[in-house]
Each structure stands twice: as C-alpha cells, then as structure tokens.
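The block underneath contains the structure these notes are about, expressed in structure tokens.
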Amino acid sequence: MIKSLAYLGVNSPRTQDWRRFGTQFLGAELAEDGADGSVRLRVDDAAWRLQIHPAETDSVAYFGWAVDHEEDLDVVVRKLEAAGVRAVRGSDELAEQRNVNRLVTFTDPWGFPHEITWGQHFYPATFRPGRASSGFVTGSQGLGHVLLMMPDIEAGHAFFSGVLDFQLSDKIIVPGQLNARFYHVNARHHTLALGQCPPGVGVFNHLMLQVKSIDDVGTAYDMLDEMDVPLTLSLGRHTNDKTFSFYCATPSQFNIEIGYDGVEVGGDWVPYTYGTPAIWGHKLDPEAKNRPPGIVHQLAQ
Ligand SMILES: [Fe+2]
C-alpha cells in the first residue's frame, strides 16, 4: 500500500516566482523545466519532488503517493474500485513526465487529484541545495506531509483510512475551532493530515518540509523579511508530532511548513487526542487572516 508522499504538483500563474522562492528561500534545487514549462524543484536525489505547472489560476495538479512494489498499484486500484472510485492507468508518456516507472490516477470524493506511483527515479549523490543548508529529511519518509481539508472529516477518515489504509497517528480537537486527524504510512509522524472546513469547498492547506537542522528553520525564518515571504503561523512546537516549525505562504496560495525535530512513529504507537495544536507559538499572523486558507476549490454538488 501507500508508503510515502512521492511528489506534489500544482498549477499556478506564478511559476516563475518559484525559481527564486524554491532555491533561495526553501533551499531546493532547480531541475530542468518540464515539457509544458513547469518549474521542477528537488529537495533530495529524486528527479524532482515539487512541480509547478503554468496555468491561469491556482489549483492542485496532483498529490503523488509512492508504493514500494509494482503489484501494490493493483491492490490500491482494487480497493478504490471496491469503494466506487475509478482509477485510471497513467500512460507511459505520463509516467515519463513524472519520472516514475508506472502510475495510476484518481480523483477522491472531494475533488483532490491523486497519483499512485511506483519506481520514482533517483540520482544518488546529485542533490545540491539552492542555498547553504543541511538538507531535508526524506528517504523512506518521503517528501513530507500535506494537510487537506474537507467539510465531512468522518467521511474523509473513512476514505483515507478505510480505503487507502493511512494509519491514524492522533487527533487534535478544539471544539468549535479545529477538528484534525493525522495519519502515517512510514516513520514520519504524519504524511497526511485531514482537517474539517466549511461546507462546499475542499482546501489544500499546506505542505511540510522537514529540515535536518534547527538552524535551517531559523535561517528560513530570517529570510521571510529579506524575501518578502508572508508569514502564516509564527514559530512554535506542535503538541502531537512535536515539530518545531513555522508556516509561510508560497507564491501559489498554499502554505509551506518548515519543520524540524518531528517524532517518529513505530509499531507500538498509540493514537492520542490533543486539545490544542501547539505547546507554544504557531500564532496566526494578523495579515494571514485576510488570505485564503490554502488552494480552495468548490465541491461538486
Ligand atoms: Fe503540518
């Protein structure tokens, strides 16, 4: 079944802004542009991990999930079809564009586009960060984690846990304010988080990238001002995964969390419920209140 987040693709009118944001702020490396002029960013030895395609408006293009074995693709397809979700085998051309061996695509019940992939292409010992940094925690933990929001989190739980086998790590519930669930598929505390949002929309809120040094969090925090990157949540430490992090806006509406020191889960993990998301910090920036909570799309009626 799914073992990690392999990559993320978004459509955006601001692809060019990602060249500087990606390299100078995030410390990623530019890979060769995609065939459609997409900007492709590396954070490790994978061919690329983040791809920003040129488009008129911001939208999620795909969440790319990796399985370990080719036959696992068929297992995922069978589970999706049993749940009434149509999965389509991606063409060889699409697999080539994604730099994977094989993939299937599907859209979840909330309109988020997904790709299940096998055989992502790696080029060992080739990653060169875009600025001085210790690099990113990836490997078997994949690219990082994403937070998706939907109006009916119970149905979200039933789909991602029941059909796609994401394992519950814990919940954070602040009555009237926050209802979130966190899921692991490898040692990373969560690779997927779900949050409840108002009716009628789906939201891609953020991607978390985990850096190898606390100083890399501090350096990026310093660069917010220097590079005019809008802060979303101030420095803080999460209650559940204990990640020390801050959140900022990307050129494409969703946020990025730059994190350090997240806990790892093992076989004896017990899912707790927390009543607050942060031990300290993670205050919403006053200006962030005027921005959308991420890439928002309308749900089909
Ligand atoms: Fe996060």
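Both counts, for ligands and for their atoms, begin at 1 and track the order of listing.
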Between the Fe ion (ligand 1) and [X], is there an N, O or S atom separated by less than 2.8 Å?
| X | value |
| --- | --- |
| His238 | no |
| Glu257 | yes |
| His206 | yes |

Aromatic ring pairing [X]/[Y], orientation class (parallel under 30°, perpendicular over 60°, tilted between):
| X | Y | answer |
| --- | --- | --- |
| Trp48 | Tyr7 | tilted |
| His238 | His282 | tilted |
| Phe159 | Trp110 | perpendicular |

Query raised in the report: Distance only, no hydrogens: is a donor on one side chain within 3.5 Å (strictly under) of an acceptor on the other, for Thr232 and Arg291?
Result: yes
